[in-house]
Amino acid sequence: MNPRGVFNYFLSLAFCFLVSQNPVKGGRLLSISKPHPDAAAAFARWLVSQNSWGVLNTISSDLGGAPFGNVVSFSDGIPSRGIPYFYLTTLDPTASNALIDQRSSLTISEFPVGTCGKADPENPTCSKITLTGKLKLIDGKTSEAEFAQTALFTKHPEMKGWPKDHNFQFFKLEIEDIFLINWFGGPKPLTVDQYLHTKMNGFSLLESF
């Protein structure tokens, strides 16, 4: 195992230990501090990593191509990769839609994290992000499927007991565009490359207040 693999292995063990010793609402382990709003990439990664659910939108084949939004649980990995992973069944429209048309978007709010104070969820100071791209089925025999399983089952332990005959499978959102509002003045300019390659340090982002 290379040095990075060893680091990620022990970081995962540390995360699991901290979660077991310090249970938090929604399966979240809060980082030490959230990044400054001007650090768009770091802020976006923080927002995704601290959330455990969002609204996943797909193109509905049953509704003539209308958008269909559904509340879903997700994890972006342990350690965080920034890529949302999902555990979905084709008995639900979200997965069945994606197998026909992969175009999807995931919207996440800061409000469930509990760091918006008294601000309304629509207030720009209560950040929100929409990740748009393609919702893709992951080959169950790959190392990425193993990563997705660890990420999801650690953050959402209940998933381990979900019915086997429902044919749950692992999906990921391959991000193509990012829409981030975390302060006044409109959306922050942010590329997918900037988002995915922001440096992380343990459970907190390097760029912070």
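The first residue in the sequence is number 1, and the count goes up from there. Excluded from the calculations below are hydrogen atoms, water molecules and symmetry mates; all remaining heavy atoms, backbone and side chain alike, are included.
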**Q.** Closest non-hydrogen atom pair between Val192 and Ile178, with its separation
**A.** CA-CD1, 4.0 Å
Q. If only atom types and distance count, is the side chain of His36 paired as donor or acceptor with the main-chain N or O of Asp38 below 3.5 Å?
A. yes
Q. Do you know the tightest heavy-atom contact between Leu190 and Ala44?
A. CD2-CB, 3.7 Å
Q.
Would you say that His197 contacts Asp193 through its side chain, given a criterion of any heavy-atom pair below 4.5 Å between the two side chains?
A. yes
Q: Indicate whether the side chain of Thr58 and that of Asn97 have a donor and an acceptor atom separated by less than 3.5 Å.
A: yes
Q | Rounded distance (nearest 0.5 Å) linking atom CG of Leu91 with atom OG of Ser96 | A | 9.0 Å
(Q) Hydrophobic clusters here meaning ILVMFWY residues chained together by side-chain heavy-atom distances under 4.5 Å, can you tell me if Leu135 and Phe179 are in one? (A) no
**Q.** 4.5 Å side-chain heavy-atom contact, Pro84 and Leu131
**A.** yes
Q: Indicate if Leu106 and Ile181 have the same hydrophobic cluster label, given that clusters are the connected sets of ILVMFWY residues with side-chain heavy-atom separations under 4.5 angstrom.
A: no
Q: Taking only Lys NZ, Arg NE, NH1 and NH2, and the carboxylate oxygens of Asp or Glu, determine whether Asp101 and Arg103 approach each other closer than 4.0 Å.
A: yes
Q) Would you say the side-chain atoms of His156 pair up with the backbone N or O of Ser73, donor to acceptor, closer than 3.5 Å? A) no
Q. Do Phe170 and Trp53 share a hydrophobic cluster, counting only Ile, Leu, Val, Met, Phe, Trp and Tyr and linking them when any side-chain heavy atoms are less than 4.5 Å apart?
A. no
Q | Considering all heavy atoms, the nearest Lys160-Lys164 contact | A | O-NZ, 3.9 Å
Q) NZ of Lys34 to CG of Leu47: how many Å apart, nearest 0.5 Å? A) 9.0 Å
Q | Distance-only donor-acceptor check, side chains Gln169 and Tyr87, under 3.5 Å | A | no
Q | Donor-acceptor contact present, side-chain Ser49 to main-chain Trp46, <3.5 Å | A | yes
**Q.** Salt bridge present between Lys136 and Glu174 (N-O < 4.0 angstrom)
**A.** yes
Q: Give the intermediate values and the outcome of side chain to side chain contact (heavy atoms under 4.5 Å, CB included) for residues Thr130 and Asp177.
A: CA-CA 8 Å; Thr130 297; Asp177 184 77; over 6 Å; no
Q) Is there a path of hydrophobic side-chain contacts, each under 4.5 Å between heavy atoms of I, L, V, M, F, W or Y residues, that connects Ile59 with Phe86? A) no
Q. Can you check whether Phe171 reaches Leu99 side chain to side chain, under 4.5 Å on heavy atoms?
A. yes
Q | Any donor-acceptor N or O pair under 3.5 Å, side chains Glu110, Thr115 | A | yes
Q) Would you find a donor on one side and an acceptor on the other, under 3.5 Å apart, between the side chain of Ser75 and the backbone of Ala151? A) yes
Q.
Looking at Ser104 and Gln102, would you say the former's side chain and the latter's main chain have a donor-acceptor pair under 3.5 Å?
A. yes
(Q) Taking the six-membered ring of Phe74 as reference, does the cationic atom of Lys155 (NZ for Lys, CZ for Arg) lie under 6.0 Å from its centre and within 45° of its axis? (A) yes
**Q.** Donor-acceptor pair, side chain of Gln194 and main chain of Thr191, under 3.5 angstrom
**A.** yes
Q) Taking atom types as modelled and ignoring hydrogens, do the side chains of Asn70 and Thr94 form a donor-acceptor contact shorter than 3.5 angstrom? A) yes
Q) Which heavy atom of Ile100 sits nearest a heavy atom of Ser61, and at what distance? A) CD1-OG, 3.6 Å
**Q.** side chain to side chain contact (heavy atoms under 4.5 Å, CB included) between Thr107 and Ile129, worked out
**A.** CA-CA 6 Å; Thr107 298; Ile129 190 171; over 6 Å; no
Q. Cys126 and Asp120: which non-hydrogen atoms are nearest, and at how many Å?
A. CB-O, 3.6 Å
Q.
Using only atom types and a distance under 3.5 Å, with no angle test, would you say the side chain of Asn182 pairs donor to acceptor with the backbone of Lys128?
A. no
Q: State, with a plain yes or no, whether a side-chain heavy atom of Phe147 is found less than 4.5 Å away from one of Arg81.
A: yes
Q. Does the pair Thr132 and Glu176 meet the rule for a side chain to side chain contact (heavy atoms under 4.5 Å, CB included), with working shown?
A. CA-CA 6 Å; Thr132 301; Glu176 298 176 349; 5.8 Å; no
Q. Taking all atoms of both residues into account, what is the closest heavy-atom pair of Ile138 and Ala148, and its distance?
A. CD1-CB, 4.3 Å
(Q) Can a side-chain donor-acceptor contact be found between Asn123 and Thr125 if the only test is distance below 3.5 angstrom? (A) yes
(Q) When you measure from the side chain of Thr142 to the backbone of Asp139, do you find a donor-acceptor pair of N or O atoms at a distance under 3.5 Å? (A) yes
**Q.** Check: Thr89 side chain, Asp92 main-chain N or O, donor-acceptor pair, under 3.5 Å
**A.** no
Q: Could you go through the side chain to side chain contact (heavy atoms under 4.5 Å, CB included) check for Glu144 and Lys172 one step at a time?
A: CA-CA 10 Å; Glu144 186 172 26; Lys172 70 174 180 179; 3.1 Å; yes
Q | Sole residue of Val72, Asn167, Leu137 in side-chain contact (heavy atoms from CB on, under 4.5 Å) with Leu88 | A | Val72
Q. Any chain of hydrophobic side-chain contacts (each under 4.5 Å) joining Phe68 to Ile108?
A. no
